[in-house]
Amino acid sequence: MIFKTWISFLLFSIITSISPGPGNILTINHALRYGWRKTLSLIIGQEIALVLIILAISEGAELLLSSSSILIFIKIFGIIWLMYTSFQMWCASINKKDSTYICETISKKKSFIRGFFTTITNIKAITCLISTLPSCLTPIYPIVPQIIIMS
């Protein structure tokens, strides 16, 4: 893997990890509601789901790299989907109920499962990774080490 490409992917990862999305909102909500210790199992669930998504996408990366029309379609679909969901959030009404949280209880298993399924079904993350991961892989180098570094 070319160092310049790796740095670009690292910057992309940092920026997307701090941008608002279902995982970030769930993590903040979970931390406020259950405390930071119970949130750790949620985050572990989210990260395991993310690694599985990366592995699944990179398994099909060779197909995506060989067919530029599929990659362009996925990028366009992803852009349209993100614009649609952003517009839906922009137009959504705001619920102004009292939002004081009491430190509730939740099992680590339930927290883990909630984090895992929120991320594994997150179309924003899947679309972003499908559109960027194949373009960051260098076909002249072995794919597996590149995927391990990116995971």
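One is the number of the first residue; the rest follow in order along the sequence.
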* **Minimum-distance pair of heavy atoms, taken over all atoms of Ser41 and Lys108** => OG-O, 3.4 Å
* Asked: With clusters built from Ile, Leu, Val, Met, Phe, Trp and Tyr whose side-chain heavy atoms come within less than 4.5 Å, directly or transitively, what are the remaining members of the cluster of Leu26, listed by chain and number?
  -> Leu42
* Answer with yes or no whether the hydrophobic clustering places Trp36 together with Ile28; edges join I, L, V, M, F, W, Y residues whose side-chain heavy atoms lie under 4.5 Å apart. => no
* Could you tell me which residues satisfy side chain to side chain donor-acceptor pair (under 3.5 Å) with Thr39, sequence neighbours excluded, listed by chain and number? => none
* Close side-chain approach of His30 to Ile43, heavy-atom, < 4.5 Å -> no
* Listed partners of Ile48 passing side-chain contact (heavy atoms from CB on, under 4.5 Å), at least two apart -> Ile44, Leu52, Phe112, Phe116
* **Atom pair CG/CG of Asn24 and Asn29 - distance to nearest 0.5 Å** => 12.5 Å
* Just how far is it from atom CD1 of Ile18 to atom OG of Ser13, taken to the nearest 0.5 Å? -> 11.5 Å
* To do: Over all heavy atoms of both residues, which pair between Ile53 and Thr119 is shortest? Give the atoms and the distance, please.
  => CD1-O, 3.5 Å
* **Results of side chain to side chain donor-acceptor pair (under 3.5 Å) for Thr118 - residues two or more places apart only** => none
* Set of residues satisfying side-chain contact (heavy atoms from CB on, under 4.5 Å) with respect to Lys4, sequence neighbours excluded -> Ile2
* Are Ile113 and Val51 co-members of a hydrophobic cluster defined by side-chain heavy atoms under 4.5 Å apart? -> yes
* Asked: Should Lys38 and Arg33 count as side-chain neighbours, where that means a heavy-atom distance under 4.5 Å?
  -> no
* Report yes or no: do Phe3 and Ile14 belong to one cluster of Ile/Leu/Val/Met/Phe/Trp/Tyr joined by side chain heavy-atom distances under 4.5 Å? => yes
* By side-chain contact (heavy atoms from CB on, under 4.5 Å) - contacts of Phe12 (at least two apart) -> Phe9, Thr16, Cys128, Thr132
